[in-house]
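Please read all numbers here as calculations on a predicted model, not as lab measurements. Naming convention: chains lettered A, B, ... in sequence-line order (proteins, then strands); numbering from 1 in each chain.
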Amino acid sequence: MNRMDLSGLNEQQRKAVLRTDGPVMILAGAGSGKTKTLVTRISYLLEELHVSPYQVLALTFSNKAAREMRDRIGSMVEADVGALQITTFHAFCARILRSEANYLGLSRNFTIYDTSEQKAVVKAILGRHGISTKEVSPFEVLYYMDDLKNHGHYLGRDISECDYEIDQGDSFFTFYQEYEAELHKANAVDFGSLITGVIQLFEKFPDVLKRYQERFKYLLVDEYQDTNRAQFELVKMLSEQNRNVCVVGDEDQSIYSWRGADIRNILDFEEVFSDAKILKLEQNYRSSKNIIEAATHVIARNSQRKGKDMWTNNPHGEDIDIVECFNDKTEGEFVAQKIRELSKEGHPFKEMAVFYRTNTQSRLIEDNLRKNNIPYRVVGGVKFYERKEIKDLIAYMRIVVNEKDSLALSRIINVPARGIGATTLRKLENEAVTNNCSLWEMLDTVVANPENYKHIRLSAKVKSALSHLVTLINEVRVSVDNVAPSSLYEKLLHESGYWDFLKSSKDYESQARMENLEELQNAIVQYEESNKSPSLLNFLETITLDTSGEGDNPENTGEVSLMTIHGAKGLEFLHVFVTGAEENIFPSYKSLENGETAIEEERRLFYVAMTRAMEKLYITFAQGRMLFGQLRFNGPSRFLHEIPNKYYQWRKPNGSTMSSGNSWDSEDDFDDYNQDQSYDEGEAVYQVASFKEEKSAPKAKFPKGVKIIHSLYGEGTVLDSSGYGAEEKVSIKFSDGARKKFLVKFAPLVLA
DNA sequence: TCGACGATCGTTTTT
DNA sequence: CGATCGTCGA
């Protein structure tokens, strides 16, 4: 038996593999071979230390990461990879909760509620309190509860135990309590409670915890910078006995703090795990020297970091292109045109990616790619499982599996329309409350003994419709263990009348819905084929916890990838376009309101974007951009100024290189920023100083009385106007009362 | 019960 | 600009 070959690793990576005992934190910079190191470490445990796969637990955040890790280990070792626990935090917790459900008074067929279902529950609770969604947004309540759970709180937990300040007199706390009661009644759990539920379980039942502590001798956590406090606590609990915990992360790539990721987990690791060893992977294997150095300069501005010195042996490479476009359309045109050029030079499309800060930005890019016949795919656009018809059918399946899931039942009780409207539903719900039973039980008994429920006064038509539905659900339910999920699905789809309902309406939308429902059928079949013991319950769990497995994106068949920067984490491309590098976009206007911490996160996001590129990085921005239906002049992103001059060329779309600096350096320059720029094309509405108009129509662009928008001062009205063309001058009164005079030629003005 | 129409309001989203 | 949502009216 030859010893494992570690010669492919650098010294730091090797240390990270060999330091198997005791707590380790590996700070792995972008492109530093993090996954390779983790994978080798696990293989080493199995092959050299003969650790049983059963004793290794690796926690990730995405199913994608888990799959990749499993596959790579599988190709390295002979041990049974199937026994390795490589899963997401949530799937891991769901598994524990199902097998230990009785401890917490759950039954193991509990449903997992996603955000939209959470919202529905909150809405109902607010309604019960007579609070309109205008007074209190359900999302506020959701956010509040999420925050509590992210910090490890569960109802009944000793508050002092919890890393959070809680005001139990707060009305939101009351909503929280009612929400939890509601979920418990529905035998349901939300994403946050999957984690806190396990914490609760471990805290209340030390022997259960002990069982898991003894089982998992080696614990690994990937993307550690994204863990929240609750997950941190879980890691602490699980590793308390063996203390063989290895976390891998990069504080510079922490971009999910808005979802509860807590950078303290990294910054305080050594305090909590006193004998922790810290290893840094600082050599980058991905990007050119130029890109790495530029990115390093940008991220160095952050204060919230441990600090790494990234370096690379890769060649210097080309300068970054910072491309100044006239407007958002021109930006799209530039990207498409450049991609064509690259393609002509022989670069495959799949080596290229376009990033943007917000999903809405993809639209224009897509338009331009389509016009140029460039194949592309949008990663993570509209979610398949969030479509109405899919949610409807999932609700059917849910009520089959978990009869207490009243939310699911109320969703489909009148879908397709059976004449059971809000009033009837209300009656049934009230009756269920007085009888202290679930909505389903109520339905079931009403249908079985209608004579006992004359007081609800249901019409014959309604009764028959209800009876039909109850029969269907019951029929499916009895066969749930003996019949393939796909057949159950088919029965529900057709006998509920859903399919015929869609079929009868001939419009385009229904057509698309039917196709989606067929796709869902395919997904179930696929699930059955790839699973040893498929069940409807397990399928439902899979799709709520793993939304990526949509089956609809066959791997890179030679398309350009389009995605948000969040979606780009962990990926790499030869050629990267970072678009919309403007103030208010990137950094987002929201982050600008939220102070330095928020800006630092945006900067990390920018850093992530830059470090995806291997060979060539284009960063584009538009002088003017349509935003919320208005043309805005945002100015280039502050992050562009944080890249030292020597790493980039500042260009215009036609390819000419501008002076190394630029005219946007300070806000004071805004009034004349486009002094020496001319554009051969562009719609009149975008023309700030229109020389064409000067020749053809010698009249004022902003005559007295018109409403305008100034990129800096906002909306205003023209009080006075003189001259035209290059000579046009205006005096403007802004909505805040301020009056200012401008030379139109130099002012960022547009008609409102 | 359902549709049509206006008011509103706009990040990011591994689970 | 556009999607989403709530309120009306038939």
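One side chain, Q361(A) or T358(A), offers a donor N or O that lies under 3.5 Å from an acceptor on the other.
Considering only side-chain N and O atoms, N584(A) lies nowhere under 4.0 angstrom from the phosphate OP1 or OP2 of dT11(B). Within the 4.0 Å cut-off from OP1 or OP2 of dC5(C), at least one side-chain nitrogen or oxygen of K119(A) is found. Phosphate proximity of dT15(B) to N63(A): present, with a side-chain N or O under 4.0 Å from OP1 or OP2. The phosphate of dT12(B) has neither OP1 nor OP2 within less than 4.0 Å of any side-chain N or O from S591(A). The phosphate of dT15(B) (OP1 or OP2) has no side-chain N or O of N228(A) nearer than 4.0 angstrom. Dashed line: the shortest gap from a side-chain N or O of K590(A) to OP1 or OP2 of dC9(B) is not under 4.0 Å. Residue T360(A) has no polar side-chain atom (N or O) positioned under 4.0 Å from OP1 or OP2 of dT11(B).
In terms of polar N and O atoms assigned as donor or acceptor, the side chain of R259(A) comes within less than 3.5 Å of the base of dT15(B) in a complementary pairing.
Taking the six-membered ring for Trp and thresholds of 30 and 60 degrees, F586(A) and F639(A) have ring planes more than 60 degrees apart, a perpendicular arrangement.
Of all nucleotides listed (dG10(B), dT12(B), dT14(B)), dG10(B) comes nearest to the side chain of Y589(A). Of the candidates dA3(C), dT15(B), dT12(B), dT15(B) carries the atom nearest the H90(A) side chain, counting heavy atoms from C-beta on. The side chain of W258(A) sits closest to dT12(B) out of dT11(B), dC5(C), dT12(B). Of the candidate nucleotides dT11(B), dG2(C), dT15(B), dG2(C) has the atom lying nearest to any side-chain atom of R363(A). Each of dT14(B), dT13(B), dC2(B) was ranked by its minimum atom distance to the side chain of F61(A); first place goes to dT14(B). Between dT11(B), dT15(B), dT13(B), one nucleotide has an atom nearer to the side chain of E602(A) than all others, and that is dT11(B). Of the candidate nucleotides dT12(B), dT11(B), dT14(B), dT12(B) has the atom lying nearest to any side-chain atom of H566(A). The listed nucleotides are dC2(B), dT11(B), dT15(B); the one nearest the side chain of T358(A) is dT11(B). Listed nucleotides dT14(B), dT15(B), dT11(B) differ in distance to F191(A); the shortest reach to its side chain belongs to dT15(B).
With respect to the salt-bridge test (charged N to carboxylate O, under 4.0 angstrom), the residues E600(A) and R305(A) do not qualify. For R67(A) and D546(A), the salt-bridge test passes: some basic side-chain N is under 4.0 Å from an acidic carboxylate O.
Rounded to an integer number of Å, the gap from CD of E593(A) to C1' of dC9(B) is 13 Å. Atom CG of N359(A) and atom P of dG2(C) are 16 Å apart (whole Å). Nucleotide dG2(C) holds its P atom 14 Å from the CD atom of Q630(A), rounded to whole Å. Between F139(A) atom CZ and dC9(B) atom P there is a gap of 14 Å when expressed in whole angstrom units. If you measure from atom CG of N150(A) to atom P of dT13(B), you get 17 Å, rounded to the nearest angstrom. Atom C1' of nucleotide dG10(B) and atom CZ of R625(A) are separated by 16 Å, given to the nearest angstrom. Counting to the nearest Å, the P atom of dT13(B) and the OH atom of Y385(A) are 19 Å from each other. Rounded to an integer number of Å, the gap from CG of L234(A) to P of dT15(B) is 18 Å.
Across all strands shown, A65(A) has no heavy atoms under 4.0 Å from either base or sugar-phosphate atoms. If you check every strand for non-hydrogen atoms under 4.0 Å, G570(A) touches nothing. Residue D114(A) is out of contact with every strand shown, counting any heavy-atom pair closer than 4.0 Å. Within the nucleic acid shown, S588(A) comes within 4.0 Å of at least one base atom, counting heavy atoms only.
With T111(A) as reference, N402(A) is the one residue of T544(A), N402(A), D190(A) to meet the side chain to side chain donor-acceptor pair (under 3.5 Å) rule.
Taking the P atoms as reference points, dC5(C) lies 15 Å from dT12(B), given to the whole Å. With C1' as the reference atom, dT11(B) and dG6(C) are 24 Å apart, rounded to whole Å.
Between T227(A) and V235(A) the shortest side-chain heavy-atom distance does not fall below 4.5 Å.
Shown here, dA4(B) forms a base pair with dT7(C); the pair counts as Watson-Crick or G-U wobble because both key distances fall under 3.5 Å.
Within the 3.5 Å criterion, the main-chain N or O of I112(A) finds a donor-acceptor partner in the side chain of R398(A). In this structure, N302(A) contributes its side chain and Q304(A) its backbone to no donor-acceptor pair below 3.5 Å.
Of the two residues contacting DNA chain B, namely I420(A) and F628(A), the nearest-nucleotide position lying further toward the 5' end is that of I420(A). Both N594(A) and A261(A) lie near DNA chain B, and the one whose nearest nucleotide falls closer to the 5' end is N594(A).
Where stacking is scored as ring centres under 5.5 Å apart with planes under 30°, Y256(A) does not register as stacked on the base of dT13(B).
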